[in-house]
**Q** 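Dumping the structure here so I can ask a few things about it.
Note that the numbering runs from 1 along the sequence shown for the chain.
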Amino acid sequence: MSASTAWTPILQPLASFSPDLAARLDSSFQSLRKMIMTRRTTQVWETELRKNLSGSDYVDIGLWLSKSTAMDTSILPLDTIVQAFLDVHLLSHYQQRSSALRVLADIQKQIDNLKFGSNGVQQHQHNLLEDLTEVFSDEEEDEDEDYMSTPLNHDLSPPSSEPHSPEHKRQRISNSQDDRDVSQLELSPSSFEEFDGLPIVARNKSKWNKLLRSKPSYWSKKCSSWAKSLQIAFNHRMENTTEDHQQYYQSVVDVLREMRQVLPSIFHDEAWKTAVKTSNLHEIIYLWSDPSGLIIWKSSFMQILMRKHRIHEALSIVLFFWIPQEVTNTWAEQDFFEIFPFQTQGIKIEKSKDFIKALSKNPDIIPRKAYPSSIFFLLSLENFELALEQWLICGMENLGYNVSFFKAKAERKQIYDNIWPHLDQMVPSFFEQLESSLRVIIERSASFRKLKNEPAKHILQNKATLNATCNKCSNLAPEYRCVQKIEVTPQLLEKTYLGCGVSLAEPKDQMEPIPIPHSKPGSKDIQQIMHPDRLNLVKHQWNDKILNNCGMQLSLIVKKGTEEILDFWIYNAFSDDIFKKLVSHHSRLQHVKALTRGSQFNSYSQGKMIPKGARLPMGGAPGDSYAFYTGMDAVTQAELEALFDDAEDSMILSEAGRLILFNVYKELEDTTANGDRLGISGANTYYCNNYTSPLHRDDDAGAGLCAQYDLQAKSDLCEYSFTYADYRIYLVSRSNSLWSFRGSDTHGTMLPSTIPLTEKDRTIARQGGQPDGDGVPPRVSNGTHKPATKTNTEAANKHHRARKTRKEIHDYWQGQE
């Protein structure tokens with residue numbers, strides 16, 4: 001059952017809620033009618049109206065929207081409420097009533113998603129305002145997503161009919177006018193200027209494309225309009241002032257959104273290609289994709305465009321997407337250092353001390369505000385080379401340095417490797433004189449590199465290598481050795497069990513399912529809770545004697561009849577010091593919104609999963625692109641410290657996993673190699689707080705890692721245990737555990753019961769020695785998950801491809817091929 005509202009939105013008259021606001025709105029429309037309708041005039045109208053809104057207006061707008069949608073809109077962000085108010089009334093003013101109703105329907109869907117999750121396969125990176133999207137189809141071209149949803153190979157096939165393929169289609173509101181000819185659309189502009197000024201509304205994209213497709217005479221004008229808007233904003237890229245540049249920011253976002261929504265039937269047309277070339281749109285986008293922009297474009301609106309929208313790559317991705325696949329398939333990625341035209345004038349940087357000196361004099365060369373991941377450039381040689389390619393070389397040359405020494409791999413490695421011995425020799429006064437943010441970056445980078453060796457020391461505490469004989473248990477019986485094998489025969493669990501909970505508790509003690517919106521009592525859409533025996537799940541857990549003797553226990557999950565290791569689980573995975581660090585970091589998360597999970601989680605999901613890293617939002621804000629989550633900034637010292645905490649956590653999981661099962665580590669790192677670095681990995685991490693899930697499958701691109709930090713629960717009911725349903729086993733969890741699994745396999749957690757904990761269940765000491773508020777120990781299950789999500793991986797690959805083929809994209813549109 002789809003989690004969508006059963007109420008049809010009804011556009012309520014604003015005057016019933018605020019006659020004064022309705023009068024001011026009418027007055028603003030009278031002023032708007034005196035101007036030619038363009039994108040700029042509608043932006044000015046919106047900006048002026050927003051400035052004149054007061055606190056009481058926001059209350060009235062909220063009441064109006066709640067009444068129009070028949071839902072409680074108070075859970076939405078204020079900006080979302082105001083934007084819906086503006087969009088609905090602007091569309092209504094221009095007689096686009098059904099489009100206005102679609103805006104209200106979208107608000108209903110957003111509220112449903114916030115409360116109950118969305119349909120389809122679970123996507124770890126779901127935004128709180130997640131929206132279902134549409135993919136390109138030969139049968140029906142109706143692009144409903146602000147970000148291009150198809151991969152760079154132009155696979156335009158319809159959505160898969162497989163049971164765990166995402167549902168992409170939005171539920172439509174009946175509107176017979178959608179099928180009429182373009183000449184009979186609700187709004188049929190009489191000139192290009194009117195068409196150019198049409199507001200960008202999600203449910204208006206189909207009509208917009210139909211109209212554009214029917215007016216080839218508009219194509220060159222449209223491309224020229226985009227080029228002009230981009231050029232005007234580009235001209236102000238260097239203005240480092242406090243002046244409000246909202247108009248430039250908004251115009252660029254509007255261009256990006258409109259370019260993304262052009263459908264294949266248009267951009268595959270030779271006339272469209274001619275329009276792009278003759279308008280010089282490709283030329284201005286080539287300027288926007290200049291990698292030096294991260295360093296030298298100081299205007300506040302440019303910084304935001306790069307931070308939120310990755311604008312220096314997002315525009316190029318669209319142009320790449322418009323190029324025939326048979327052309328782009330011939331493009332080979334070239335080594336940046338081989339083709340970059342290094343300048344040979346200026347102050348030479350040939351040694352590590354030269355580099356550190358230049359860095360200390362110019363700490364602002366690190367584009368922390370526009371590109372938070374840049375602060376990790378010293379964590380590894382790979383990060384250092386990536387920074388050189390993306391921003392550091394351009395930044396150094398712009399400051400007058402000769403960095404041609406970086407051209408050769410050996411010299412780059414030499415400079416990087418010698419940074420640390422050079423810094424070790426520096427006296428404390430050197431660090432005290434560094435700019436505060438640079439000091440944090442250098443000090444945390446140095447401690448990160450030292451920490452990297454610690455996970456292996458704990459795992460190998462009693463042996464030279466993982467496969468070597470343990471000097472504590474080698475003479476004991478096999479069942480008491482610290483490396484155990486669990487043989488399994490993988491078999492995909494029937495899809496009918498997806499969404500079911502798993503619990504050892506008696507039915508009277510089981511958690512109540514979360515009601516699915518608008519479902520009736522006893523609805524078949526509410527999945528049942530299953531006992532593990534009904535699914536033939538075999539229990540596996542630690543052995544106290546092994547833990548006491550060896551300090552850890554490693555279980556290797558092996559395919560029966562072979563030596564193939566599928567996954568692993570290790571108890572006491574981290575040393576005391578490392579474990580305390582992980583728990584400490586988890587307890588002081590910076591502010592990032594928790595995820596909304598999919599429909600597989602409707603009945604039995606609880607707790608929070610808080611994401612860290614870069615993502616491509618599903619829905620999200622207008623013009624959103626692949627970038628670090630909102631809240632993960634690198635401006636203040638506290639933000640820098642928090643990001644390095646996240647980086648350390650990600651690294652610790654990977655280093656432990658690398659030692660135990662290298663193929664899982666390599667698959668995870670290779671799959672996410674093009675992602676924005678969270679430390680030294682392109683994979684995101686997800687911090688879990690009392691998180692549970694029913695049986696489900698994720699749409700992941702590969703293997704992942706998971707860690708259990710603190711666990712305080714009913715041990716006799718194995719609460720929060722991890723279920724490998726396709727292996728027909730479950731591993732009983734305990735504090736300080738680490739394991740691997742593939743998200744595309746069926747998995748879940750053992751659900752907590754409703755039985756209160758007692759003192760014998762306590763595993764976490766009372767804070768400050770004080771009793772709990774009600775005398776009952778609280779349930780606690782904290783940990784971290786590190787997967788390779790498919791959507792984020794594909795988005796990262798798109799940005800990488802566009803960055804690597806910047807010149808080829810330009811030359812194609814220039815007509816040199």
Side-chain angles (χ1 to χ4, degrees), residues 39-40 43-44 46-47 79 83 127 146-148 200 225-261 281-321 364-375 390-391 394-395 398 614-617 619-635 639 676 795-796 798-800 802-803 806 809:
R39 188 188 304 112
R40 182 62 54 82
Q43 289 171 2
V44 171
E46 179 178 317
T47 300
D79 188 66
Q83 191 62 56
N127 183 278
D146 211 33
Y147 194 95
M148 291 184 172
I200 305 172
S225 174
W226 288 335
K228 182 179 179 180
S229 294
L230 292 176
Q231 184 66 64
I232 291 173
F234 189 78
N235 292 342
H236 295 272
R237 68 194 181 281
M238 303 297 292
E239 296 174 358
N240 188 15
T241 67
T242 57
E243 181 183 349
D244 183 10
H245 288 147
Q246 176 66 24
Q247 59 178 326
Y248 305 130
Y249 165 81
Q250 191 60 54
S251 66
V252 174
V253 172
D254 285 348
V255 169
L256 177 61
R257 295 180 68 195
E258 286 190 344
M259 288 180 64
R260 283 175 171 173
Q261 72 183 20
L281 178 62
H282 64 292
E283 292 285 4
I284 185 60
I285 290 179
Y286 185 71
L287 296 178
W288 274 86
S289 62
D290 185 347
S292 66
L294 279 170
I295 303 296
I296 64 176
W297 297 344
K298 300 299 184 182
S299 177
S300 60
F301 80 92
M302 283 298 233
Q303 296 281 308
I304 298 172
L305 282 169
M306 290 184 287
R307 167 66 179 92
K308 293 179 61 178
H309 306 282
R310 258 334 236 284
I311 199 67
H312 53 296
E313 294 164 1
L315 292 167
S316 291
I317 289 176
V318 181
L319 285 189
F320 184 103
F321 193 82
D364 289 341
I365 195 175
I366 306 171
R368 296 181 292 117
K369 185 175 182 180
Y371 189 38
S373 183
S374 62
I375 66 172
Q390 290 189 347
W391 53 270
C394 291
N398 184 66
R615 90 292 183 250
L616 173 63
D624 254 349
S625 297
Y626 176 76
F628 264 25
Y629 279 94
T630 299
M632 295 189 66
D633 296 312
V635 179
E639 290 169 343
D676 274 5
K798 287 181 182 181
H799 282 268
H800 171 83
R803 186 168 60 247
R806 175 178 178 249
I809 294 171

**Q** Find out whether I311 and V253 are in side-chain contact, i.e. whether some heavy atom of one side chain is under 4.5 Å from a heavy atom of the other.
**A**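 The answer is no, as the side chains (C-beta and beyond) never meet within the 4.5 Å cut-off.
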**Q** As an exercise, state the distance from OG of S229 to CG of D254, rounded to the nearest 0.5 Å.
**A**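 The distance works out to 8.5 Å.
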**Q** Heavy-atom distance under 4.5 Å between the side chains of L256 and S625, does that happen here?
**A**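 In contact.
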**Q** To check you understand the geometry: which heavy-atom pair defines the closest contact between V252 and A233, and what is its length?
**A**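 Here V252 and A233 meet closest at CG2-CB, 3.5 Å.
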**Q** With a 6.0 Å cut-off on the ring centroids, do Y249 and H309 count as close?
**A**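 Yes, close enough.
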**Q** Looking at F234, is its backbone amide N or carbonyl O close enough to the side chain of R237 to form a donor-acceptor pair, meaning the two atoms are under 3.5 Å apart?
**A**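 The answer is yes, because a donor-acceptor pair under 3.5 Å joins these two groups.
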**Q** Between F628 and P372, which heavy-atom pair has the shortest distance, and what is it?
**A**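 Where F628 meets P372 most closely, the heavy atoms are CD2-CB, 3.8 Å.
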**Q** Does a side-chain heavy-atom distance below 4.5 Å link M259 with I285?
**A**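 The answer is yes, as the side chains (C-beta and beyond) meet within the 4.5 Å cut-off.
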**Q** Can you tell me how far the CD1 atom of I296 sits from the CE atom of M302, to the nearest 0.5 Å?
**A**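 Between atom CD1 of I296 and atom CE of M302 there are 9.5 Å.
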**Q** To the nearest 0.5 Å, what is the distance between CZ on R310 and NE2 on H312?
**A**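 Rounded to the nearest 0.5 Å, the CZ-NE2 separation comes to 5.0 Å.
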**Q** Between atom CD1 of I366 and atom CH2 of W391, what is the distance when rounded to the nearest 0.5 Å?
**A**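 With rounding to 0.5 Å, CD1 (I366) is 5.5 Å from CH2 (W391).
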**Q** Please test D364 against K298 for salt bridge (Lys or Arg N to Asp or Glu O under 4.0 Å), starting from the C-alpha separation and ending with a verdict.
**A** CA-CA 11 Å; D364 289 341; K298 300 299 184 182; 6.0 Å; no
**Q** Under 3.5 Å, is there a donor on one side chain and an acceptor on the other for Y248 and H236?
**A**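 H236 and Y248 do have a side-chain donor-acceptor pair below 3.5 Å.
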**Q** Which pair of non-hydrogen atoms, one from Y286 and one from R806, has the smallest distance, and what is that distance?
**A**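 Shortest heavy-atom contact: O-NH2, 2.7 Å.
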**Q** Flag the pair R615 / Y629 as yes when at least one side-chain heavy-atom distance between them is below 4.5 Å, and no otherwise.
**A**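 Counting from C-beta outward, R615 and Y629 do come under 4.5 Å.
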**Q** How many angstroms lie between CD in Q250 and CD in E46, if you round to the nearest 0.5 Å?
**A**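 With rounding to 0.5 Å, CD (Q250) is 6.5 Å from CD (E46).
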**Q** Return yes if some donor-acceptor pair links the side-chain N/O of Q303 with the main-chain N/O of W297 below 3.5 Å, else return no.
**A**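 The answer is yes, because a donor-acceptor pair under 3.5 Å joins these two groups.
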**Q** Sort out for me which residue in Q390, H800, K798, R803 forms a side-chain hydrogen bond (donor to acceptor under 3.5 Å, both in side chains) with E313.
**A**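 Only one option passes, and that is R803.
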**Q** Write down the atom of R260, the atom of D624, and the distance for their closest heavy-atom approach.
**A**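 For R260 versus D624, the nearest heavy atoms are NH1-O, 3.0 Å.
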**Q** Identify the two heavy atoms, one from L281 and one from A227, that lie closest to each other, and give their separation to 0.1 Å.
**A**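 Taking every non-hydrogen atom into account, CD1-N, 3.8 Å.
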**Q** Over all heavy atoms of both residues, which pair between A802 and I317 is shortest? Give the atoms and the distance, please.
**A**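 Heavy atoms only, the tightest pair is CB-CG1, 3.6 Å.
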**Q** Determine whether S289 and L315 make a side-chain contact, defined as any pair of heavy atoms from C-beta on separated by less than 4.5 Å.
**A**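 No - every pair of side-chain heavy atoms lies 4.5 Å or more apart.
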**Q** Please confirm whether the backbone N or O of Q231 pairs with a side-chain atom of N235, one donor and one acceptor, at under 3.5 Å?
**A**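 Yes, N235 side chain to Q231 backbone: donor-acceptor pair under 3.5 Å.
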**Q** Find the distance between CH2 (W288) and CG (L305) and round it off to the nearest 0.5 Å.
**A**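 With rounding to 0.5 Å, CH2 (W288) is 5.5 Å from CG (L305).
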